[in-house]
Amino acid sequence: MPELPEVEVVRRGLVAHVAGRTVATVSVHSDRAVRRHPGGAADFRAVVPGHRVEDVRRRGKYLWFAMDSGDAVLAHLGMSGQFRLNGSGPDGARGPDHVHLRVRWSFTDGGPDLDFVDQRTFGGLQFVPGGADLPDPVRHIARDPLDPGYDQEAVVAAVRRRRTEIKRALLDQTVVSGIGNIYADEALWLARLHYARRTEALTRPDVRRVLVAATEVMTAALAAGGTSFDSLYVNVNGESGYFERSLHAYGRQDEPCDRCGTPIRRDAFMNRSSFYCPRCQRRPRS
DNA sequence: CACGGAACCTGCCCGC
DNA sequence: TGCGGGCAGGTTCCGT
(Lines give C-alpha, C1' and ligand atoms only; values in the text may rest on other atoms or scores of the structure.)
Protein backbone atom coordinates (compact mmCIF):
# COMPACT_ATOMS: atom_id res chain seq x y z
CA MET A 1 0.00 0.00 0.00
CA PRO A 2 1.52 3.03 -1.21
CA GLU A 3 1.73 6.53 -0.03
CA LEU A 4 2.05 8.15 3.36
CA PRO A 5 -1.66 8.33 4.32
CA GLU A 6 -2.27 4.69 3.47
CA VAL A 7 0.84 3.54 5.34
CA GLU A 8 -0.16 5.64 8.35
CA VAL A 9 -3.62 4.02 8.34
CA VAL A 10 -1.87 0.65 8.48
CA ARG A 11 0.51 1.80 11.23
CA ARG A 12 -2.38 2.90 13.43
CA GLY A 13 -4.13 -0.41 12.92
CA LEU A 14 -0.97 -2.27 13.89
CA VAL A 15 -0.54 -0.18 17.04
CA ALA A 16 -4.13 -0.97 18.02
CA HIS A 17 -3.94 -4.70 17.35
CA VAL A 18 -0.33 -5.80 17.73
CA ALA A 19 1.39 -3.50 20.24
CA GLY A 20 2.07 -5.23 23.55
CA ARG A 21 1.91 -8.71 22.01
CA THR A 22 4.80 -11.18 21.85
CA VAL A 23 5.54 -13.05 18.63
CA ALA A 24 5.27 -16.81 19.05
CA THR A 25 5.98 -18.22 15.60
CA VAL A 26 6.83 -16.91 12.14
CA SER A 27 6.07 -18.69 8.88
CA VAL A 28 7.53 -17.53 5.58
CA HIS A 29 5.41 -18.52 2.61
CA SER A 30 7.60 -16.76 0.06
CA ASP A 31 11.35 -16.29 0.43
CA ARG A 32 11.15 -13.21 -1.75
CA ALA A 33 9.21 -11.39 1.00
CA VAL A 34 12.30 -11.51 3.24
CA ARG A 35 14.92 -11.07 0.49
CA ARG A 36 16.30 -7.97 2.21
CA HIS A 37 16.83 -9.86 5.46
CA PRO A 38 20.55 -10.70 5.47
CA GLY A 39 20.13 -14.21 6.89
CA GLY A 40 17.31 -15.27 4.58
CA ALA A 41 14.03 -16.95 5.45
CA ALA A 42 15.42 -19.50 7.90
CA ASP A 43 17.14 -16.84 9.96
CA PHE A 44 14.10 -14.54 9.86
CA ARG A 45 11.88 -17.36 11.17
CA ALA A 46 14.35 -18.04 13.96
CA VAL A 47 15.14 -14.51 15.11
CA VAL A 48 11.75 -12.79 15.32
CA PRO A 49 9.85 -15.04 17.80
CA GLY A 50 10.17 -14.09 21.47
CA HIS A 51 10.19 -10.34 20.88
CA ARG A 52 7.38 -8.20 22.22
CA VAL A 53 6.12 -5.37 19.99
CA GLU A 54 6.40 -2.12 21.94
CA ASP A 55 5.42 0.31 19.21
CA VAL A 56 4.95 0.62 15.46
CA ARG A 57 6.72 3.56 13.85
CA ARG A 58 6.86 5.12 10.43
CA ARG A 59 8.97 7.40 8.28
CA GLY A 60 7.59 8.18 4.83
CA LYS A 61 6.35 4.89 3.39
CA TYR A 62 8.51 2.68 5.63
CA LEU A 63 7.15 1.34 8.89
CA TRP A 64 8.75 -0.78 11.57
CA PHE A 65 7.85 -2.77 14.64
CA ALA A 66 9.91 -1.45 17.56
CA MET A 67 10.59 -4.43 19.82
CA ASP A 68 11.18 -4.46 23.59
CA SER A 69 14.73 -5.68 22.87
CA GLY A 70 15.59 -2.45 21.04
CA ASP A 71 15.56 -4.31 17.71
CA ALA A 72 13.16 -3.70 14.84
CA VAL A 73 11.29 -5.55 12.15
CA LEU A 74 11.27 -3.19 9.19
CA ALA A 75 8.51 -3.39 6.59
CA HIS A 76 7.83 -1.78 3.25
CA LEU A 77 4.52 -2.40 1.51
CA GLY A 78 5.89 -1.77 -1.99
CA MET A 79 3.09 -1.45 -4.52
CA SER A 80 0.65 -3.97 -3.11
CA GLY A 81 1.65 -5.07 0.40
CA GLN A 82 -0.96 -5.37 3.16
CA PHE A 83 -0.98 -6.30 6.82
CA ARG A 84 -4.15 -8.19 7.68
CA LEU A 85 -5.38 -9.55 10.99
CA ASN A 86 -6.53 -13.11 10.69
CA GLY A 87 -8.92 -14.41 13.33
CA SER A 88 -10.22 -11.12 14.71
CA GLY A 89 -13.91 -12.09 14.44
CA PRO A 90 -16.07 -12.82 17.49
CA ASP A 91 -15.26 -16.55 17.49
CA GLY A 92 -11.58 -16.04 16.66
CA ALA A 93 -11.81 -18.48 13.75
CA ARG A 94 -9.05 -18.19 11.12
CA GLY A 95 -10.08 -17.64 7.51
CA PRO A 96 -8.57 -19.52 4.58
CA ASP A 97 -5.07 -18.41 3.56
CA HIS A 98 -5.02 -15.45 1.21
CA VAL A 99 -3.65 -16.35 -2.26
CA HIS A 100 -0.84 -13.85 -1.80
CA LEU A 101 0.02 -14.66 1.81
CA ARG A 102 3.79 -14.18 2.19
CA VAL A 103 4.53 -14.10 5.92
CA ARG A 104 2.48 -14.95 9.01
CA TRP A 105 3.13 -14.18 12.68
CA SER A 106 1.31 -15.91 15.51
CA PHE A 107 1.38 -14.52 19.04
CA THR A 108 1.80 -16.03 22.49
CA ASP A 109 -1.63 -14.75 23.58
CA GLY A 110 -3.30 -17.02 21.01
CA GLY A 111 -5.09 -13.98 19.51
CA PRO A 112 -5.37 -13.05 15.85
CA ASP A 113 -2.41 -13.82 13.58
CA LEU A 114 -0.78 -11.05 11.58
CA ASP A 115 -0.53 -11.79 7.86
CA PHE A 116 1.69 -9.97 5.38
CA VAL A 117 -0.05 -10.27 2.02
CA ASP A 118 1.53 -8.94 -1.18
CA GLN A 119 0.44 -9.55 -4.75
CA ARG A 120 3.30 -7.91 -6.66
CA THR A 121 6.04 -8.84 -4.19
CA PHE A 122 7.84 -5.49 -4.22
CA GLY A 123 7.26 -5.24 -0.48
CA GLY A 124 9.01 -7.14 2.27
CA LEU A 125 10.19 -7.55 5.86
CA GLN A 126 13.61 -7.63 7.53
CA PHE A 127 14.89 -7.85 11.07
CA VAL A 128 17.21 -4.95 11.97
CA PRO A 129 19.24 -5.43 15.19
CA GLY A 130 19.17 -2.27 17.32
CA GLY A 131 16.85 -0.60 14.85
CA ALA A 132 13.92 0.30 17.12
CA ASP A 133 14.68 4.01 17.03
CA LEU A 134 15.53 4.35 13.34
CA PRO A 135 16.54 1.26 11.34
CA ASP A 136 19.71 1.71 9.27
CA PRO A 137 17.97 0.99 5.94
CA VAL A 138 15.72 4.02 6.63
CA ARG A 139 18.55 6.45 7.38
CA HIS A 140 18.64 7.81 3.84
CA ILE A 141 14.90 8.58 3.86
CA ALA A 142 14.06 12.24 4.53
CA ARG A 143 11.51 13.18 7.18
CA ASP A 144 7.94 13.31 5.93
CA PRO A 145 5.54 16.28 6.29
CA LEU A 146 3.74 14.69 9.25
CA ASP A 147 6.98 14.20 11.23
CA PRO A 148 7.31 16.64 14.18
CA GLY A 149 10.92 17.23 13.09
CA TYR A 150 9.94 18.08 9.49
CA ASP A 151 11.61 21.31 8.37
CA GLN A 152 9.72 22.76 5.44
CA GLU A 153 12.18 25.56 4.70
CA ALA A 154 15.02 23.05 4.56
CA VAL A 155 13.02 21.04 2.01
CA VAL A 156 12.31 24.19 -0.01
CA ALA A 157 16.06 24.79 -0.19
CA ALA A 158 16.78 21.15 -1.04
CA VAL A 159 14.25 21.18 -3.89
CA ARG A 160 15.66 24.39 -5.37
CA ARG A 161 19.18 22.96 -5.18
CA ARG A 162 18.16 20.12 -7.50
CA ARG A 163 18.48 20.43 -11.26
CA THR A 164 15.48 18.44 -12.40
CA GLU A 165 11.70 18.62 -12.85
CA ILE A 166 9.53 19.40 -9.82
CA LYS A 167 7.64 16.10 -9.85
CA ARG A 168 10.89 14.11 -9.78
CA ALA A 169 11.96 16.08 -6.71
CA LEU A 170 8.62 15.49 -4.97
CA LEU A 171 8.93 11.75 -5.59
CA ASP A 172 12.56 11.63 -4.43
CA GLN A 173 12.31 10.14 -0.94
CA THR A 174 15.69 11.57 0.05
CA VAL A 175 14.35 15.11 -0.46
CA VAL A 176 10.96 14.71 1.24
CA SER A 177 9.34 11.37 1.98
CA GLY A 178 5.84 9.95 1.85
CA ILE A 179 4.74 11.53 -1.43
CA GLY A 180 3.92 9.12 -4.26
CA ASN A 181 2.33 9.40 -7.68
CA ILE A 182 -1.21 10.21 -6.52
CA TYR A 183 -0.36 12.93 -4.02
CA ALA A 184 2.36 14.44 -6.22
CA ASP A 185 -0.22 15.00 -8.95
CA GLU A 186 -2.77 16.33 -6.46
CA ALA A 187 -0.26 18.72 -4.86
CA LEU A 188 0.87 20.00 -8.28
CA TRP A 189 -2.75 20.57 -9.30
CA LEU A 190 -3.47 22.48 -6.08
CA ALA A 191 -0.32 24.58 -6.53
CA ARG A 192 -1.04 25.11 -10.26
CA LEU A 193 2.39 23.88 -11.27
CA HIS A 194 3.15 21.67 -14.27
CA TYR A 195 5.05 18.48 -13.38
CA ALA A 196 7.93 19.35 -15.70
CA ARG A 197 8.73 22.77 -14.23
CA ARG A 198 12.46 23.00 -13.50
CA THR A 199 13.25 23.02 -9.79
CA GLU A 200 16.13 25.50 -10.15
CA ALA A 201 13.80 27.99 -11.85
CA LEU A 202 11.01 27.83 -9.27
CA THR A 203 10.66 30.60 -6.70
CA ARG A 204 10.64 29.84 -2.98
CA PRO A 205 6.90 30.66 -2.79
CA ASP A 206 6.25 28.23 -5.67
CA VAL A 207 8.02 25.39 -3.87
CA ARG A 208 6.47 26.31 -0.53
CA ARG A 209 3.02 26.27 -2.14
CA VAL A 210 3.40 22.77 -3.54
CA LEU A 211 4.83 21.41 -0.28
CA VAL A 212 1.98 22.94 1.74
CA ALA A 213 -0.46 21.45 -0.76
CA ALA A 214 1.14 18.02 -0.42
CA THR A 215 0.93 18.23 3.36
CA GLU A 216 -2.69 19.32 3.27
CA VAL A 217 -3.83 16.73 0.76
CA MET A 218 -2.11 13.89 2.62
CA THR A 219 -3.58 15.07 5.93
CA ALA A 220 -7.06 15.13 4.41
CA ALA A 221 -6.54 11.71 2.82
CA LEU A 222 -5.46 10.29 6.17
CA ALA A 223 -8.60 11.65 7.82
CA ALA A 224 -10.64 9.85 5.14
CA GLY A 225 -8.86 6.56 5.77
CA GLY A 226 -6.62 6.80 2.71
CA THR A 227 -7.17 6.46 -1.03
CA SER A 228 -8.15 3.17 -2.60
CA PHE A 229 -9.51 2.23 -5.98
CA ASP A 230 -9.90 -1.46 -5.23
CA SER A 231 -9.35 -4.17 -2.65
CA LEU A 232 -5.57 -3.93 -3.07
CA TYR A 233 -5.39 -1.02 -0.62
CA VAL A 234 -7.01 -1.70 2.69
CA ASN A 235 -6.42 -1.32 6.41
CA VAL A 236 -5.59 -4.19 8.78
CA ASN A 237 -9.27 -5.12 8.90
CA GLY A 238 -9.57 -5.24 5.12
CA GLU A 239 -11.51 -1.97 4.79
CA SER A 240 -10.91 0.63 2.05
CA GLY A 241 -10.49 4.37 2.54
CA TYR A 242 -12.69 6.75 0.59
CA PHE A 243 -10.42 9.65 -0.38
CA GLU A 244 -10.67 8.71 -4.06
CA ARG A 245 -13.81 10.82 -4.35
CA SER A 246 -11.79 13.91 -3.33
CA LEU A 247 -9.11 13.64 -6.02
CA HIS A 248 -8.91 16.54 -8.49
CA ALA A 249 -6.34 15.24 -10.97
CA TYR A 250 -5.12 11.68 -10.42
CA GLY A 251 -7.03 9.14 -12.51
CA ARG A 252 -9.34 11.80 -13.98
CA GLN A 253 -8.20 11.80 -17.61
CA ASP A 254 -10.74 13.58 -19.89
CA GLU A 255 -12.87 14.67 -16.93
CA PRO A 256 -13.37 18.44 -16.44
CA CYS A 257 -10.95 20.29 -14.18
CA ASP A 258 -12.73 21.22 -10.93
CA ARG A 259 -11.42 24.79 -11.29
CA CYS A 260 -11.79 25.66 -14.96
CA GLY A 261 -13.61 22.81 -16.69
CA THR A 262 -10.77 22.02 -19.12
CA PRO A 263 -10.40 18.25 -19.62
CA ILE A 264 -7.69 16.73 -17.43
CA ARG A 265 -4.79 15.32 -19.44
CA ARG A 266 -2.65 12.25 -18.89
CA ASP A 267 1.00 12.16 -19.93
CA ALA A 268 3.53 9.38 -19.62
CA PHE A 269 6.31 10.69 -17.38
CA MET A 270 8.99 8.80 -15.45
CA ASN A 271 7.61 5.46 -16.67
CA ARG A 272 4.27 6.26 -15.10
CA SER A 273 1.25 8.53 -15.53
CA SER A 274 0.93 12.21 -14.74
CA PHE A 275 -2.51 13.81 -14.61
CA TYR A 276 -2.83 17.60 -14.84
CA CYS A 277 -4.97 20.43 -16.09
CA PRO A 278 -3.40 21.85 -19.26
CA ARG A 279 -4.89 25.27 -18.54
CA CYS A 280 -4.23 25.68 -14.79
CA GLN A 281 -0.84 23.96 -15.02
CA ARG A 282 0.93 25.41 -18.05
CA ARG A 283 3.73 23.36 -19.54
CA PRO A 284 7.04 25.24 -19.34
CA ARG A 285 8.61 26.01 -22.72
CA SER A 286 11.79 24.02 -22.96
C1' DC B 1 28.13 12.72 -7.13
C1' DA B 2 23.72 13.68 -9.44
C1' DC B 3 20.54 12.38 -12.61
C1' DG B 4 17.43 9.34 -15.56
C1' DG B 5 16.00 5.11 -17.06
C1' DA B 6 15.58 0.07 -16.61
C1' DA B 7 14.58 -3.69 -13.74
C1' DC B 8 12.07 -6.11 -10.32
C1' DC B 9 6.84 -8.82 -9.96
C1' DT B 10 1.73 -10.31 -10.61
C1' DG B 11 -2.75 -9.58 -12.39
C1' DC B 12 -6.24 -7.18 -14.87
C1' DC B 13 -8.23 -4.94 -18.79
C1' DC B 14 -8.36 -3.82 -23.49
C1' DG B 15 -8.20 -4.54 -28.48
C1' DC B 16 -7.40 -7.69 -32.17
C1' DT C 1 -11.64 -17.86 -26.45
C1' DG C 2 -6.81 -16.58 -26.62
C1' DC C 3 -2.88 -13.70 -26.86
C1' DG C 4 -0.11 -9.56 -26.69
C1' DG C 5 0.41 -4.97 -24.96
C1' DG C 6 -0.31 -1.55 -21.61
C1' DC C 7 -1.00 -0.29 -17.06
C1' DA C 8 -0.94 -0.26 -11.62
C1' DG C 9 -0.21 3.28 -5.38
C1' DG C 10 7.49 2.01 -5.25
C1' DT C 11 12.36 1.45 -4.72
C1' DT C 12 16.92 0.00 -6.04
C1' DC C 13 20.53 -0.36 -9.09
C1' DC C 14 23.37 0.74 -13.00
C1' DG C 15 25.15 3.51 -16.71
C1' DT C 16 26.28 8.20 -18.14
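Each chain gets a letter, A, B and so on, in the order its sequence line appears, and its residues count up from 1. Keep in mind that this is a model prediction, so the values were computed, not measured.
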Please tabulate, for side-chain N and O atoms in residues 131-142 of chain A, each donor-acceptor pair with protein atoms closer than 3.5 Å (sequence neighbours left out).
residue	atom	partner	partner atom	Å
A:D136	OD1	A:R139	NH1	2.5
A:H140	ND1	A:P137	O	3.2

Mind checking the P distance from C:dC3 to B:dC9? Whole angstroms is fine. 23 Å

Here the gap from A:L74 atom CG to A:F127 atom CZ, rounded to the nearest 0.5 Å, amounts to 11.5 Å

Distance check, P atoms only: C:dT11 and B:dC1, in whole angstrom units. 22 Å

Distance check needed: C:dC7 P versus A:Y250 OH, whole Å only. 12 Å

Rounded to whole angstroms, how far apart are CD on A:E200 and C1' on B:dC3? 12 Å

Which atom pairs, one a donor and one an acceptor, fall under 3.5 Å between side chains of residues 155-163 of chain A and the rest of the protein, sequence neighbours left out?
residue	atom	partner	partner atom	Å
A:R160	NE	A:L202	O	3.0
A:R162	NH1	A:D172	OD2	2.7
A:R162	NH2	A:D172	OD2	3.3

Within the pair A:Y183 and C:dG9, is there a side-chain N or O less than 4.0 Å away from OP1 or OP2? no

By ring-ring contact (aromatic ring centres under 6.0 Å, His included), which residues pair with A:H98, not counting sequence neighbours? A:H100

Contact state string [nucleotides 11-16 of chain C, B base, S sugar-phosphate only, - no protein heavy atom under 4.0 Å]: SSS---

Any A:S80 side-chain N or O less than 4.0 Å from OP1/OP2 of C:dA8: no

Describe, in one word, how the ring planes of A:F83 and A:F65 are oriented to each other, choosing from parallel (under 30°), tilted (30 to 60°) and perpendicular (over 60°). perpendicular

Going by the salt bridge (charged side-chain N to carboxylate O under 4.0 Å, His left out) test, which pairs reach into residues 30-40 of chain A, not counting sequence neighbours? none

Which one, B:dG4, C:dC7, C:dG10, comes nearest to the side chain of A:E3? C:dG10

Under 4.0 Å, heavy atom to any atom of DNA chain B: which of residues 150-164 of chain A qualify? A:R162, A:R163, A:T164

Show me the side-chain donor-acceptor pairs of residues 188-196 of chain A shorter than 3.5 Å, one per line, residues at least two apart or across chains.
residue	atom	partner	partner atom	Å
A:H194	ND1	A:A196	N	3.0
A:Y195	OH	A:D267	OD2	2.5
A:Y195	OH	A:R283	NH2	3.1

Where protein sits on nucleotides 5-10 of chain B, one letter per nucleotide: B base, S sugar-phosphate only, - none, heavy atoms under 4.0 Å: SB-BBB

Is the side chain of A:E186 donor-acceptor paired with the backbone N or O of A:A214 at a distance under 3.5 Å, no angle test? no

Which class fits the ring pair A:F275 and A:Y250: parallel under 30°, tilted 30 to 60°, perpendicular over 60°? perpendicular

Sugar-phosphate only, base, or nothing, as touched by A:R35 at under 4.0 Å among non-hydrogen atoms: nothing

Please enumerate all residues that pass ring-ring contact (aromatic ring centres under 6.0 Å, His included) together with A:Y62, with sequence neighbours excluded. A:H76

Give every residue pair that meets the salt bridge (charged side-chain N to carboxylate O under 4.0 Å, His left out) criterion with at least one member in residues 247-256 of chain A, sequence neighbours excluded. A:R252-A:E255, A:R252-A:D258

Can you tell me, in whole Å, how much space there is between the P of C:dG6 and that of B:dA6? 13 Å

How does DNA chain C look in dot-bracket form if you count Watson-Crick and G-U pairs under 3.5 Å, write [ ] for pairs that cross, and put | where a base pairs with another strand? .|||||||.|||||||

Please identify each residue that fulfils side chain to side chain donor-acceptor pair (under 3.5 Å) with A:R265, with sequence neighbours left out. none

Once you round to the nearest 0.5 Å, how far does CG of A:D115 lie from CZ of A:R84? 8.5 Å

